[in-house]
Amino acid sequence: MEDQFWLMKSEPRVYSIDDLEEDGSAPWTGVRNYEARNTMRDGMRKGDRVLFYHSSTTPPGVAGVARVSREAYPDFTAFDESHDYFDPKSNPDAPRWYMVDVEFVEKFPRLIPLQELRDIPELSEMVLLNRMRLSVQPVRAHEFDLIVKLGRGGG
DNA sequence: GCCAACGTTGGC
DNA sequence: GCCAACGTTGGC
């Protein structure tokens, strides 16, 4: 299988790349959007690399890289009535929501702001820049490579 | 905190 | 199955 690349958004005040570094790996709970779910369930495979994006922060941007460490399985937070992510329409016999586990790979020495990505012609077709609200999304290989180079401080 | 974009729900 | 109302995301 050819390498696949993805981008996943998280609000750093909820879960940041530093949290992932500390934890080593984590289940990507709380996705409640069908397209994002389908991407995790049907697209993501163990070993795929993921751009870790910090949203709803100043500035928003790509913070580092993670890797899929476990393929899709039911999001248990949807079953837990006491949980913020509870969804009464999901249950263990017929799970509606899925998640993958991701593991920490690297934190960039600097965050790459969204605005900087917008200014790069080679990235003009990135899903991130055209589908604002999609929280789990595909990234093309050349986009991934370029962003990683930027993040590591190269040009 | 505002609000535009847009995904989801539910009445019909 | 359309589409208006509603709710959420997420940049600013």
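Per chain, numbering begins at 1; letters A, B, ... match sequence-line order.
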Can you measure A:R118 atom CZ to C:dG10 atom C1' for me and round it to whole angstrom units? 11 Å
Taking the minimum atom-to-atom distance to the side chain of A:M132, which one of B:dT9, B:dG7, C:dT9 wins? C:dT9
Donor-acceptor pair between A:T77 and A:R32 side chains, under 3.5 angstrom: yes
Round to the nearest Å and state the distance from A:Y34 atom OH to B:dT8 atom P. 7 Å
To the nearest angstrom, the CG-P distance between A:D87 and C:dG7 comes to 16 Å
Interatomic distance where CZ belongs to A:R131 and P belongs to B:dC6 [whole Å]: 8 Å
Test item: A:L123 and A:L128 side chains (from C-beta on) under 4.5 Å apart, heavy atoms: no
Between A:K9 and C:dT9, is there a side-chain N or O to OP1/OP2 distance below 4.0 Å? no
Report the distance from atom CG of A:L114 to atom C1' of C:dG10, rounded to the nearest whole Å. 10 Å
Look at the side chain of A:R133 and the base of C:dT8, then say whether one donor and one acceptor between them are separated by less than 3.5 Å. yes
Taken to the nearest 0.5 Å, the spacing of A:F108 CZ from A:R152 CZ works out to 7.0 Å
CG of A:L129 versus P of C:dC12: gap in Å, rounded? 11 Å
Grab the CZ-C1' distance between A:R13 and C:dT9 for me, whole Å please. 12 Å
Spacing of A:L134 atom CG relative to B:dC6 atom C1', expressed in whole Å: 11 Å
Has A:Y85 got a side-chain N or O lying under 4.0 Å from the OP1 or OP2 atom of C:dT8? no
Between the NZ atom in A:K9 and the CD atom in A:Q137, the distance rounded to the nearest 0.5 Å is 5.5 Å
Quick check for you: among C:dG11, B:dG10, B:dT8, whose closest atom lies nearest to any side-chain atom of A:Y53? C:dG11
